[in-house]
Chemist: 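First, the structure itself, so that you have it in front of you.
The figures here come from the full heavy-atom set of this structure, side chains too, leaving out hydrogens, waters and symmetry mates. Since the model is a prediction, treat every value here as computed from it, not as a measurement. Every chain is numbered from 1 and lettered A, B, ... according to where its sequence line falls, protein lines coming before strand lines.
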Amino acid sequence: MKPVIVVHGGAGRIFKEQEEGCRAGVVRAALRGYSVLKQGGSAVDSVEEAVRSMEDDPHFNAGCGSVLNEKGEVEMDAIIMDGKNLDSGAVSAVKCIANPIKLARLVMEKTKHVLLTDHGAHLFAQATGVPEVPREKLITERSRERWKKNLEPDSNPEEFQKDLG
Amino acid sequence: TVGAVAVDSGGNVACATSTGGLSNKLIGRVGDTACIGSGGYADNHFGATSTTGHGESIMKVVLARLILYHMEQGMPPEVAADTALDYMKTRVGGLGGVIVVNKAGEWAARFSTKQMSWAAVEDDNLHYGIYAGE
């Protein structure tokens, strides 16, 4: 069986000035995931590696570069699934974790559960030795500007995002 | 949102999806990403998929599992992806994008939005794009 990996960096609007960074980011992620496969790594290892790469890339809405909620905070979700045995792990509303996909994988491998959220996910991260990062480290200037713009009285972020996915 | 699907040399498939969610969302809002069958699904019997787009719409049609259902019915990845995205658009008015791989290693990157950044590597060949048709 020849290994294959496919990645996406989101279906939201990509402004012209962001295009090259997004192209480079998805190519880098795909190659990193493919490298895992070429070395005999599993599909699960491969997709985690690829997603971690994009979580660390501020061009994308995940990890560092995540958009902000109404309070100007980062709240991230992630899921991972192994097709071999239908094992799955997910986290939601996590705040100070650089790579939520890693935490999702730990949920899959270290618990009997499928999804941990918010405070429980935070406690689980602590218990499994996943380091916390300062929340500011996940916030980019672009995310902050977008958040501020959406708070303006005449803005309509829902309408703006409606046709963008 | 970012995501990945893969099939390894043993024929096993997997998916992963991660997101910061929706800009200026309500505190506590959870979208499709963390929901199994919506943000992603993987089953060696059929394939794997990761989704992105309007989360509430994706959850309403359980998009990732819907695509695998279509593949279970015999559709190739590209047709299954387009059929499911079209259903989401017509049924609940939602737009989005998906990446899909089946157990044979056939793959697709499809979207009903104007753009989706994606890349794929198969047999040491790299493919990538942002706009439809790339």
Chemist: Between A:Glu73, A:Glu48, A:Glu55, which has the largest tally of heavy atom pairs under 4.5 Å with chain B?
Modeler: A:Glu55

Chemist: Do the side chain of A:Asn61 and the main chain of B:Gly20 share a donor and acceptor less than 3.5 angstrom apart?
Modeler: yes

Chemist: Does a side-chain heavy-atom distance below 4.5 Å link A:Met1 with B:Val7?
Modeler: yes

Chemist: So how far is it from A:Cys22 SG to B:Met116 CE, rounded to the nearest 0.5 Å?
Modeler: 12.0 Å

Chemist: At a heavy-atom separation under 4.5 Å, does A:Leu138 approach chain B through its side chain, its backbone, both, or neither?
Modeler: neither

Chemist: Quick one: of A:Val6, A:Asp118, A:Leu68, A:Asn85, who has the most non-hydrogen atom pairs under 4.5 Å with chain B?
Modeler: A:Val6

Chemist: Indicate yes or no: at least one non-hydrogen side-chain atom of B:Asp43 is less than 4.5 angstrom from one of A:Leu86.
Modeler: yes

Chemist: A:Gly41, A:Gly25, A:Gly40, A:Ala30: which one forms the most heavy-atom pairs within less than 4.5 Å of chain B?
Modeler: A:Ala30

Chemist: Any side-chain donor-acceptor pair under 3.5 Å between B:Ser117 and A:His8?
Modeler: no

Chemist: Does B:Leu126 belong to the same Ile/Leu/Val/Met/Phe/Trp/Tyr cluster as A:Val7, with side-chain heavy atoms less than 4.5 Å apart forming each link?
Modeler: yes

Chemist: CG/B:Asn24 to NZ/A:Lys149 distance, rounded to the nearest 0.5 angstrom?
Modeler: 12.0 Å

Chemist: Between A:Val67 and B:Leu22, what is the shortest heavy-atom contact and its length?
Modeler: CG2-C, 3.6 Å

Chemist: List the steps, then state whether side-chain hydrogen bond (donor to acceptor under 3.5 Å, both in side chains) holds for B:Ser23 with A:Asn150.
Modeler: CA-CA 8 Å; B:Ser23 194; A:Asn150 286 340; 3.0 Å; yes

Chemist: Under a 4.5 Å heavy-atom cut-off, does chain A meet the side chain of B:Asp32, its backbone, both or neither?
Modeler: neither

Chemist: Any link between B:Tyr87 and B:Val92 through a network of hydrophobic side chains (Ile, Leu, Val, Met, Phe, Trp, Tyr) touching at under 4.5 Å?
Modeler: yes

Chemist: Is it true that atom CZ of A:Phe124 has more than 12 heavy atoms of other residues, nucleotides or ligands lying nearer than 6.0 Å?
Modeler: yes

Chemist: With a 4.5 Å cut-off on heavy-atom pairs, point out which of B:Thr51, B:Val101, B:Ile58 contacts chain A the most.
Modeler: B:Thr51

Chemist: Can you say whether A:Val74 sits under 4.5 Å from chain B via the side chain, the backbone, both, or neither, judging by heavy atoms?
Modeler: neither

Chemist: Measure the shortest side-chain to side-chain distance between A:Phe60 and B:Val2 over non-hydrogen atoms and say whether it is less than 4.5 angstrom.
Modeler: yes

Chemist: In the single-linkage hydrophobic clustering (I, L, V, M, F, W, Y; side-chain heavy atoms under 4.5 Å), do A:Val107 and A:Ile80 co-cluster?
Modeler: no

Chemist: With clusters defined by side-chain heavy atoms of hydrophobic residues (ILVMFWY) lying less than 4.5 Å apart, directly or transitively, does B:Val100 cluster with B:Val79?
Modeler: no

Chemist: Is it the side chain or the backbone of B:Phe46 that comes within 4.5 Å of chain A heavy atoms, both, or neither?
Modeler: neither

Chemist: Measuring from atom CG of A:Asp82 to atom CG of B:Asn44, what distance do you get when rounded to the nearest 0.5 angstrom?
Modeler: 7.0 Å

Chemist: Please check if atom CZ in B:Arg91 has more than 12 non-hydrogen atoms from other residues, nucleotides or ligands closer than 6.0 Å.
Modeler: no

Chemist: Looking only at atom types and distance, does a side-chain atom of B:Glu122 sit under 3.5 Å from a main-chain N or O of A:Ile5, one as donor and one as acceptor?
Modeler: no

Chemist: Grab the two heavy atoms, one from A:Leu37 and one from B:Ala6, that are nearest each other, plus how far apart they are.
Modeler: CD1-CB, 4.2 Å

Chemist: How far apart are the closest heavy atoms of A:Gly10 and B:Thr52, and which atoms are they?
Modeler: CA-OG1, 3.4 Å

Chemist: Under 4.5 Å heavy-atom distance to chain A, tell me which part of B:Ser57 shows up: side chain, backbone, both or neither.
Modeler: neither

Chemist: Under a 4.5 Å cutoff for heavy-atom pairs, which residue among B:Ala48, B:Ser50, B:Gly39 has the most contacts with chain A?
Modeler: B:Ser50

Chemist: Please identify, among A:Met54, A:Arg28, A:Arg105, the residue contributing the most non-hydrogen atom pairs under 4.5 Å to chain B.
Modeler: A:Met54

Chemist: Check whether any side-chain heavy atom of B:Glu106 lies under 4.5 Å from a side-chain heavy atom of A:Val4, and answer yes or no.
Modeler: no

Chemist: Among B:Ala104, B:Gly11, B:Ala108, B:Ala34, single out the residue with the greatest number of heavy-atom pairs under 4.5 Å to chain A.
Modeler: B:Ala34

Chemist: Rounded to the nearest 0.5 Å, how far does CD1 of A:Ile97 lie from OG of B:Ser18?
Modeler: 11.5 Å

Chemist: Who wins among B:Gly97, B:Gly129, B:Ser9 for the most heavy-atom pairs under 4.5 Å with chain A?
Modeler: B:Ser9

Chemist: Considering only heavy atoms, which portion of B:Ile27 lies under 4.5 Å from any heavy atom of chain A: side chain, backbone, both, or neither?
Modeler: both

Chemist: Going by an N to O cut-off under 4.0 Å, is there a salt bridge joining A:Arg23 and B:Glu134?
Modeler: yes

Chemist: Check each of B:Val13, B:Thr49, B:Ile36, B:Val5 against A:Met81 using the side-chain contact (heavy atoms from CB on, under 4.5 Å) test, and report the only one that passes.
Modeler: B:Ile36

Chemist: Do B:Met59 and B:Leu95 belong together in a cluster built from hydrophobic side chains that touch within less than 4.5 Å?
Modeler: no

Chemist: One pair to check against side chain to side chain contact (heavy atoms under 4.5 Å, CB included): B:Leu26 and A:Asn69. What are the steps and the verdict?
Modeler: CA-CA 6 Å; B:Leu26 290 178; A:Asn69 66 15; over 6 Å; no

Chemist: Can you tell which of A:Asp87, A:Val91, A:Ile101 has the highest number of heavy-atom pairs within less than 4.5 Å of chain B?
Modeler: A:Ile101

Chemist: Would you give the length of the straight line joining atom CD1 of A:Ile79 to atom SG of B:Cys15, rounded to the nearest 0.5 angstrom?
Modeler: 6.0 Å

Chemist: Is any side-chain heavy atom of B:Gln115 closer than 4.5 Å to one of A:Phe15?
Modeler: no

Chemist: Out of curiosity, B:Asn125 CG to A:Tyr34 OH, how far, rounded to the nearest 0.5 Å?
Modeler: 8.0 Å

Chemist: With a 4.5 Å cut-off on side-chain heavy atoms, are B:Ile130 and A:Ile14 touching?
Modeler: yes

Chemist: Does some side-chain heavy atom of A:Glu70 sit less than 4.5 Å from a side-chain heavy atom of B:Lys25?
Modeler: no

Chemist: Where on A:Glu49 is there a heavy atom nearer than 4.5 Å to chain B: the side chain, the backbone, both, or neither?
Modeler: neither

Chemist: Ignoring hydrogens and angles, tell me if any N or O in the side chain of B:Asn12 forms a donor-acceptor pair with the backbone of A:Ala43 under 3.5 Å.
Modeler: no

Chemist: As an exercise: rank B:Ile99, B:Thr19, B:Val30 by heavy-atom pairs under 4.5 Å with chain A and give me the winner.
Modeler: B:Thr19

Chemist: Taking the side chain as every heavy atom from C-beta outward, state whether B:Val121 and A:Leu31 have any pair of such atoms under 4.5 Å apart.
Modeler: yes

Chemist: Under 3.5 Å, is there a donor-acceptor pair between the A:Ser42 and B:Asp8 side chains?
Modeler: no

